[in-house]
Each structure stands twice: as structure tokens, then as C-alpha cells.
Amino acid sequence: MRIATWNINSIRARHDRVLAWLERSDVDVLAIQETKIDDARFPVESFERLGYRVAHHGTNQWNGVAIASRVGLDDVQVGVPDLPAFGEDPAVEARSLGALCGGVRVWSLYVPNGRAVDDPHYHYKLHWLAVLRDYAAKQLADEPHLPMLLCGDFNIAPTDDDIWSVEYYQGSTHVTGPERQAFANLTDAGFTDVVRPFHPGPGVYTYWDYTRLSFPKRRGMRIDFALASPALAARVTDAQIDREERKGKGSSDHAPVIVEFKDA
DNA sequence: ATGGTGGTTCGACCA
């Protein structure tokens with residue numbers, strides 16, 4: 001089974017590219033982030049035409065997450081329970097969606113961007129990650145052999161190997177101690193980064209800023225991850241970061257990340 | 001191989 005995660009940065013701007021990628025990528029499950037659309041306008045039919053069922057969670061033009069699957073889509077969960085709300089008129093943003101796909105509990109996650117160190121969004125991000133960690137740890141405590149994948153855009157570069165320049169990111173978000181600790185708390189809870197062993201750093205990235213010719217200059221960050229529970233991590237046979245998809249006009253600023261699993 | 005960002009409620013905000 002092949003499971004991918006991809007921040008597409010708008011389904012409307014990326015519709016044809018996402019569907020073309022899905023058609024040739026041979027993935028069984030695609031966890032999508034930043035659809036930037038509400039549920040009513042998400043193009044479900046486009047995915048169904050390719051043989052995928054799809055669940056989407058989006059409330060407006062921001063955030064939005066989805067899971068497309070051709071190996072079953074059951075027990076859909078809109079949102080990790082108890083995630084914090086944000087804003088002047090506080091609302092829980094559309095940043096997490098879970099479903100059971102081919103026996104794997106898949107979560108499509110779009111971790112908040114902290115914007116700046118000590119910005120309210122930064123504290124919201126850390127709180128959000130702590131709630132996610134507690135939820136994931138509880139799931140594993142209740143069911144130690146659960147095949148579960150936490151995948152998506154974490155907006156954290158866990159080590160200096162995951163950024164093109166330590167100096168460039170000095171004083172900015174994604175690399176601070178508390179963010180890296182929040183990420184480590186997830187891996188310490190038993191969720192392993194299953195891509196890293198196949199693509200050791202430094203220099204391996206999943207995101208490149210649109211500005212400053214970042215992509216051709218290979219100036220990126222590794223912030224998109226697939227974190228597998230112990231039972232699922234034991235089944236990993238390969239992983240890829242589809243850097244090719246970042247090329248050309250009209251690409252997302254993130255590349256798809258794909259993991260292959262052998263049958264249980 | 002890339003092209004001086006690009007996405008969103010059209011224009012200030014988000015990443």
C-alpha cells in the first residue's frame with residue numbers, strides 16, 4: 001500500500017495538477033492539506049472519477065484538509081478532539097481529518113504556522129501540537145498495535161539538517177526549541193518519521209519558498225512528515241519525496257511525500 | 001532546470 005501526504009496550496013489553483021499527479025502516482029491514499037475551500041465546493045467528483053473516495057473538511061478559503069482513498073474510507077473523524085480554537089471570534093480551524101483506509105488510521109494534519117516567535121499564532125501552534133500529541137499517545141495506549149499514520153504539514157524543521165541555512169532561519173519560527181520539542185514529543189510518543197531512513201540529510205527538503213529562486217537554488221526545508229505508529233512503522237518498505245512535482249509553472253510550494261507499506 | 005512568489009472573498013492578509 002502506498003500512502004502520500006501533500007500540501008497542495010489550493011485545490012482550485014492546483015486541481016489539474018493534483019489530479020494528474022494522483023493518476024500517475026499509483027498511491028492508494030492521499031492526505032491533502034491546504035485545500036483552501038469549503039466542503040460544498042470541493043471537487044469530490046474529480047477524485048471519484050479516478051476511483052478514489054474522498055472526505056474533505058474545509059470551512060472557508062483558509063486551511064482545509066482532505067483524504068482521498070481507493071482502499072476504503074471509513075470512520076471519518078472531523079478534527080482531533082479538543083484542539084484549540086483561534087481568532088477574535090474563536091473557531092476551530094479546519095486542520096485535521098482522520099479516516100480508516102485499508103486498515104490504517106490516517107490523519108491529514110495541517111499544523112498552524114506560528115508566524116513569529118511569541119506571536120499569538122506561535123502559542124496556538126504549540127498548544128495545538130500538545131493536544132495532538134496527547135490524543136495520539138492515548139490512541140496508542142488504548143490500542144498498542146494500532147496501525148496509525150500522522151501525516152501532513154507540521155510547519156516544523158526538526159533538526160538543522162532539515163533547513164538549508166541555520167543563519168537564514170535564526171530567530172524565526174519552524175526551528176525554535178519549543179517547536180522542535182513539540183515534534184520530539186510526538187516521536188517520543190511512538191510515532192516514527194519513516195521517510196528519514198530512506199532519505200538521510202542534510203539537503204533533503206519537502207518545501208521551497210516561492211520567492212528568491214529558492215527551489216532552483218535548493219534552499220528548502222523539510223517540514224512535511226509521515227509519522228507511523230510502531231505496528232505500521234514495522235511495515236515500511238520505501239519512501240519518496242517527489243521533488244519533480246515542485247518543478248514547473250503552477251506547482252505547489254510543497255512536494256508530495258510517499259510511503260510504501262507491505263501488507264500486515 | 002529555472003525564471004525573480006503565489007494563494008485567497010480584488011486587496012489586504014496569509015504562507
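The basis for the numbers below is simple: all heavy atoms, side chains too, and nothing from hydrogens, waters or symmetry mates.
- The other residues sharing a hydrophobic cluster with A/L126 are A/V117, A/Y122, where clustering joins ILVMFWY side chains under 4.5 Å apart.
- Nucleotide B/dC14 holds its P atom 17 Å from the CG atom of A/N7, rounded to whole Å.
- Across the interface with DNA chain B, nearest-nucleotide mapping of A/G248 and A/H121 shows A/G248 to be the residue nearer the 5′ end.
- For the pair A/M221 CE and B/dA15 P, the computed distance is 14 Å after rounding to whole Å.
- Distances from the side chain of A/T211 to the nucleotides B/dC14, B/dT5, B/dT9 place B/dT5 closest.
- Distance from the side chain of A/Y210 is smallest for B/dG6 among the nucleotides B/dG6, B/dA15, B/dG7.
- Across all strands shown, A/R218 has no heavy atoms under 4.0 Å from either base or sugar-phosphate atoms.
- Across all strands shown, B/dG6 pairs with B/dC14; the Watson-Crick or G-U wobble distances both stay below 3.5 Å.
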Given the rule in the side-chain hydrogen bond (donor to acceptor under 3.5 Å, both in side chains) test, do A/E34 and A/N7 qualify, once you have shown the distances and angles that lead to the verdict?
CA-CA 6 Å; A/E34 279 210 272; A/N7 179 323; 3.1 Å; yes
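- Spacing between atom CZ of A/R219 and atom P of B/dT5 amounts to 14 Å, rounded to whole angstrom units.
- Positionally, the nearest nucleotide of DNA chain B for A/K249 lies more toward the 5' end than for the other of A/W62 and A/K249.
- Rounded to whole Å, atom C1' of B/dT9 lies 13 Å from atom NZ of A/K36.
- Once rounded to the nearest 0.5 Å, the distance linking OG1 of A/T159 with CG of A/D162 reads 3.5 Å.
- In this entry the distance linking CD1 of A/I156 with P of B/dA15 reads 15 Å, nearest Å.
- Contact between A/W128 and A/R95 at its shortest, heavy atoms only, is CZ2-CB, 3.6 Å.
- Rounded to whole Å, atom C1' of B/dT2 lies 13 Å from atom CD of A/E244.
- To the nearest angstrom, C1' of B/dT5 lies 14 Å from NZ of A/K217.
- The aromatic rings of A/F86 and A/H121 are tilted relative to each other, their planes meeting at an angle between 30° and 60°.
- A side-chain donor-acceptor contact under 3.5 Å links A/Y210 to the backbone of A/D253.
- Atom CG of A/N60 is separated from atom P of B/dG7 by 18 Å (rounded to the nearest Å).
- The P atoms of B/dT5 and B/dT9 are separated by 22 Å, rounded to the nearest whole Å.
- Listed pair A/R212 / B/dT2 fails the phosphate criterion, with no side-chain N or O lying under 4.0 Å from OP1 or OP2.
- For B/dC14, the OP1/OP2 oxygens have a side-chain nitrogen or oxygen of A/R115 closer than 4.0 Å.
- Between B/dG4, B/dA15, B/dT9, one nucleotide has an atom nearer to the side chain of A/R41 than all others, and that is B/dT9.
- Comparing B/dG7, B/dA1, B/dA15 against the side chain of A/Y110 picks out B/dA15 as the nearest.
- Listed pair A/R14 / B/dT8 fails the phosphate criterion, with no side-chain N or O lying under 4.0 Å from OP1 or OP2.
- Taking atom C1' on both B/dT8 and B/dG4, the two are 22 Å apart, rounded to the nearest angstrom.
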